[in-house]
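Computed from a predicted structure; not experimentally measured. In what follows, every heavy atom counts, from backbone to side chain, and hydrogens, waters and symmetry copies are set aside.
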Amino acid sequence: MSGNTLQKAIELVTKATEEDKKKNYEEALKLYQHAVEYFLHAIKYEAQSDRAKESIRGKCIQYLDRAEKLKTYLGKGSKPKPVKAGGGGSGNNKKESDDSSDEEKDPDKKKFEGALSESILMETPNIQWDDVAGLDGAKEALKEAVILPVKFPHLFTGKRKPWRGILLYGPPGTGKTYLAKAVATEANNSNFFSVSSASLVSKWLGESEKLVKTLFSMARDKKPSIIFIDEVDALCGSRSENESESARRIKTEFLVQMQGVGNDSDGVLVLGATNIPWVLDSAIRRRFEKRIYIPLPEATARVGMFKLSLGATPHSLTEEDFKDLGQRSDSYSGADINIVVRDALMQPVRKVQTATHFRKVRGPSRTDPDVIVDDLLTPCSPGAPGAIEMNWTQVEGDKLLEPVVSMTDMLMSLSTQKPTVNDDDLKKLEDFTDDFGQEG
Ligand SMILES: Nc1ncnc2c1ncn2[C@@H]1O[C@H](COP(=O)(O)OP(=O)(O)OP(=O)(O)O)[C@@H](O)[C@H]1O
Ligand SMILES: [Mg+2]
């Protein structure tokens with residue numbers, strides 16, 4: 001995966017500041033908003049280091065602040081802009097709406113479509129079914145709901161209808177989001193709308209229920225399509241007395257759109273993911289007709305995850321070692337295993353840092369891999385034959401031969417990295433499965 005989205009975001013922001021300087025505030029506002037959406041997308045779908053993510057987030061806050069200021073400025077400025085407060089629209093902006101009453105509908109819809117088009121997954125993430133270890137049941141259900149109806153429409157006529165709503169739930173880090181990305185990749189003739197709850201309740205748009213409405217109408221226009229809502233619990237928690245008016249409106253809109261009178265939602269699949277399914281509103285839960293439990297991986301799936309996480313990194317692990325790791329990592333999630341492996345990958349670096357002795361070894365030269373040289377240095381114990389007392393600062397940059405990742409490294413990381421999912425959470429998820437779900 002490349003940094004395309006990030007690049008695009010930076011371009012947009014550069015343009016935004018230019019327009020801002022030229023006092024084209026309306027244009028600048030739009031560009032800032034687009035840029036932020038791209039940044040958020042980049043954080044979510046493109047591998048970034050934690051520090052990079054942190055700094056992108058900081059920047060986003062700045063841009064949003066500026067956008068907010070521009071928005072208030074434009075709202076108060078001489079040129080009236082139809083930004084209606086959600087719902088009724090109060091008396092004091094009557095004069096404004098008089099001027100623009102007939103245009104009001106259209107720019108509004110455009111505005112939301114514009115905002116949404118940025119939340120939609122633009123580039124397919126390129127994750128195949130095979131990149132997801134285990135979870136065969138879930139994969140089958142998704143194929144049944146997504147691939148087959150498009151490929152063989154005649155199979156799904158009359159009473160046999162494809163699923164309209166699928167909920168993936170399970171402990172954190174078990175691959176729910178990952179699986180949805182695989183769906184996006186594999187269902188390449190459906191339009192994939194990926195929205196996070198956060199972008200639907202975004203602070204500068206305010207009128208979230210209209211966003212929900214626009215989202216669904218766009219999906220219907222472009223069917224077959226899939227709407228993926230990650231962390232759906234943030235949007236559709238159970239309705240209660242003390243929640244905010246806007247949260248309630250979002251939920252209601254959701255219920256109407258997912259299965260409302262007069263809404264023909266053929267060809268639109270809503271895919272949701274959550275790790276706290278029990279907070280979902282019961283009416284929303286019903287609209288997710290199929291609820292698939294994505295459990296912690298089995299031993300064989302864990303073996304697959306160790307291999308996937310290691311990728312092409314040089315290592316000295318045998319097939320037996322992998323099996324052993326699979327056995328030892330009971331109750332680790334996919335994400336946990338990913339971290340164990342990443343930590344193990346760092347062990348060779350640590351060995352270099354802490355070594356007090358190095359010895360000379362043969363190996364391919366750094367500058368020209370075809371040439372074999374004799375004077376590479378690798379960390380060793382003080383008693384090893386040929387050990388020279390020195391530390392890493394004395395090793396020249398192109399003379400270092402780092403040790404490959406070994407089973408010992410893996411075991412060491414495994415013992416220091418504990419699994420993140422606790423029994424309480426699992427218990428709750430299992431109870432939910434007994435009541436409402438099915439195994440993935
Ligand atoms: N079944 C799997 N196969 C391969 N990799 C996996 C699998 N499950 C998890 N992973 C790894 O763990 C990472 C995190 O997974 P993902 O983001 O899908 O978790 P999640 O279930 O959405 O968690 P959360 O509920 O916290 O959002 C993935 O990027 C992937 O590298
Ligand atoms: Mg997720």
| If you draw a 6.0 Å radius around CD in Glu396, do more than 12 non-hydrogen atoms from other residues or ligands fall strictly inside? | no
| Can you check whether Tyr332's main-chain N or O pairs, donor with acceptor, with Ser329's side chain at less than 3.5 Å? | no
| note | Output for pair (Lys290 NZ, Leu269 CG), nearest 0.5 Å, gives 12.0 Å
| remark: Rounding to 0.5 Å, atoms NZ (Lys176) and CG (Leu167) come to a distance of 10.0 Å
| field | Inter-residue atom distance Leu414.CG - Met407.CE, 0.5 Å rounding | value | 8.5 Å
| message | So for atom CD, which belongs to Glu389, do other residues, nucleotides or ligands contribute more than 12 heavy atoms lying within a distance under 6.0 Å? | response | no
| task | Give the minimum heavy-atom separation between Pro379 and Leu401, together with the two atoms involved. | result | CD-O, 4.0 Å
| request: State whether the side chain of Thr416 and the backbone N or O of Met412 hold a donor-acceptor pair below 3.5 Å, judged by distance alone. | output: yes
| Heavy atoms of other groups near Lys161 NZ, more than 12 under 6.0 Å | no
| said: More than 12 heavy atoms of other residues, nucleotides or ligands under 6.0 Å from CD of Glu298: yes or no? | reply: no
| Side-chain (Thr174) to main-chain (Gly170) donor-acceptor, under 3.5 angstrom | no
| request: Give a yes or no on whether the backbone of Arg285 and the side-chain of Arg291 come within a donor-acceptor separation of less than 3.5 Å. | output: yes
| Ile166 backbone acceptor or donor facing Glu289 side chain under 3.5 Å | no
| task | On the 0 to 90° scale, with breaks at 30° and 60°, tag the Phe322-His315 ring pair as parallel, tilted or perpendicular. | result | perpendicular
| field | Closest non-hydrogen atom pair between Pro171 and Pro295, with its separation | value | CD-CA, 4.4 Å
| request: Assess the side chains of Asp20 and Thr17: does a donor N or O sit below 3.5 Å from an acceptor N or O? | output: no
| request: Salt-bridge test for Lys360 and Asp375: reply yes if a basic N is under 4.0 Å from a carboxylate O, no otherwise. | output: no
| said: salt bridge (Lys or Arg N to Asp or Glu O under 4.0 Å), that's the test. Do Lys427 and Asp431 meet it? Break it down for me. | reply: CA-CA 6 Å; Lys427 177 84 177 60; Asp431 288 348; 3.1 Å; yes
| field | Closest contact, heavy atoms only, Ala180 versus Leu271 | value | CB-CD2, 4.3 Å
| query | Salt bridge check: are Lys139 and Glu144 linked by an N-O gap of less than 4.0 Å? | reply | no
| Checking side-chain hydrogen bond (donor to acceptor under 3.5 Å, both in side chains) for the pair Gln347/Arg350: CA distance, chi angles, key distance, verdict? | CA-CA 5 Å; Gln347 300 288 6; Arg350 286 185 202 127; 3.2 Å; yes
| Over 12 foreign heavy atoms within 6.0 Å of NZ, Lys399 | yes
| query | Aromatic rings Phe432 and Phe436: how do their planes relate, parallel, tilted or perpendicular, breaks at 30° and 60°? | reply | tilted
| field | Over 12 foreign heavy atoms within 6.0 Å of NZ, Lys351 | value | yes
| message | Show the nearest heavy-atom pair for residues Ser406 and Leu317, with the distance to one decimal. | response | C-CD1, 3.7 Å
| Any chance CH2 of Trp129 has more than 12 other-residue heavy atoms, nucleotides or ligands included, within less than 6.0 Å? | yes
| query | Are Asp324 and Arg328 within salt-bridge range, i.e. N to O under 4.0 Å? | reply | yes
| said: Using modelled atom types and a 3.5 Å cut-off, is there a donor and acceptor pairing between side-chain atoms of Arg160 and backbone atoms of Leu155? | reply: yes
| remark: Note: Tyr63 and Phe39 closest approach over all heavy atoms is CE1-CE1, 3.7 Å
| request: Return yes if some donor-acceptor pair links the side-chain N/O of Asp321 with the main-chain N/O of Thr318 below 3.5 Å, else return no. | output: yes
| request: With rounding to the nearest 0.5 Å, note down the distance linking NE2 in His357 to CD1 in Ile388. | output: 9.5 Å
| request: Please assess Glu319 against Lys307 for the test side chain to side chain contact (heavy atoms under 4.5 Å, CB included), listing each intermediate value before the final yes or no. | output: CA-CA 10 Å; Glu319 201 57 34; Lys307 287 184 182 163; 2.7 Å; yes
| said: Within the structure provided, determine whether Leu215 and Ile227 are in side-chain contact (heavy-atom separation under 4.5 Å). | reply: yes
| query | For the side chain of Asp336 and the backbone of Thr420, is there at least one donor-acceptor N/O pair under 3.5 Å apart? | reply | yes
| query | Do Thr274 and Asp233 have side-chain N/O donor and acceptor atoms under 3.5 Å apart? | reply | yes
| field | Sub-4.5 Å side-chain heavy-atom contact between Met258 and Val270 | value | yes
| query | Between Glu54 and Arg57, is there a salt bridge with N-O shorter than 4.0 Å? | reply | yes
| What class does the angle between the rings of Phe216 and Phe254 fall in, given that below 30° is parallel, 30 to 60° is tilted and above 60° is perpendicular? | perpendicular
| Asn191 vs Ser225, side-chain hydrogen bond (donor to acceptor under 3.5 Å, both in side chains): CA-CA, chis, key distance, verdict | CA-CA 4 Å; Asn191 287 299; Ser225 45; 5.7 Å; no
| request: Starting from the C-alpha separation in whole Å, work towards a yes-or-no answer on side chain to side chain contact (heavy atoms under 4.5 Å, CB included) for Val361 and Leu377. | output: CA-CA 6 Å; Val361 285; Leu377 289 163; over 6 Å; no
| Does the side-chain hydrogen bond (donor to acceptor under 3.5 Å, both in side chains) test come out yes or no for Tyr178 and Asp131, once each step is laid out? | CA-CA 9 Å; Tyr178 205 57; Asp131 295 332; 5.3 Å; no
| Partner of Tyr169 by side-chain contact (heavy atoms from CB on, under 4.5 Å), out of Ile292, Thr433, Asn275 | Thr433
| said: I'd like to know if the side chain of Arg302 and the backbone of Pro297 have a donor-acceptor N/O pair within less than 3.5 Å. | reply: yes
| task | Would you tell me whether Arg287 and Gln257 have side-chain atoms, one donor and one acceptor, within less than 3.5 Å of each other? | result | no
| With distance as the sole test, does Asn24 use its side chain to make a donor-acceptor pair with the main-chain N or O of Glu27 at under 3.5 Å? | no
| said: Any donor-acceptor pair under 3.5 Å linking the side-chain atoms of Ser365 with those of Asp368? | reply: no
| Which atom names give the shortest non-hydrogen contact between Asp398 and Leu376, and what distance separates them? | O-CD2, 4.0 Å
| said: Testing the 3.5 Å rule here: is there a donor-acceptor pair between the side chains of Asn126 and Thr185? | reply: no
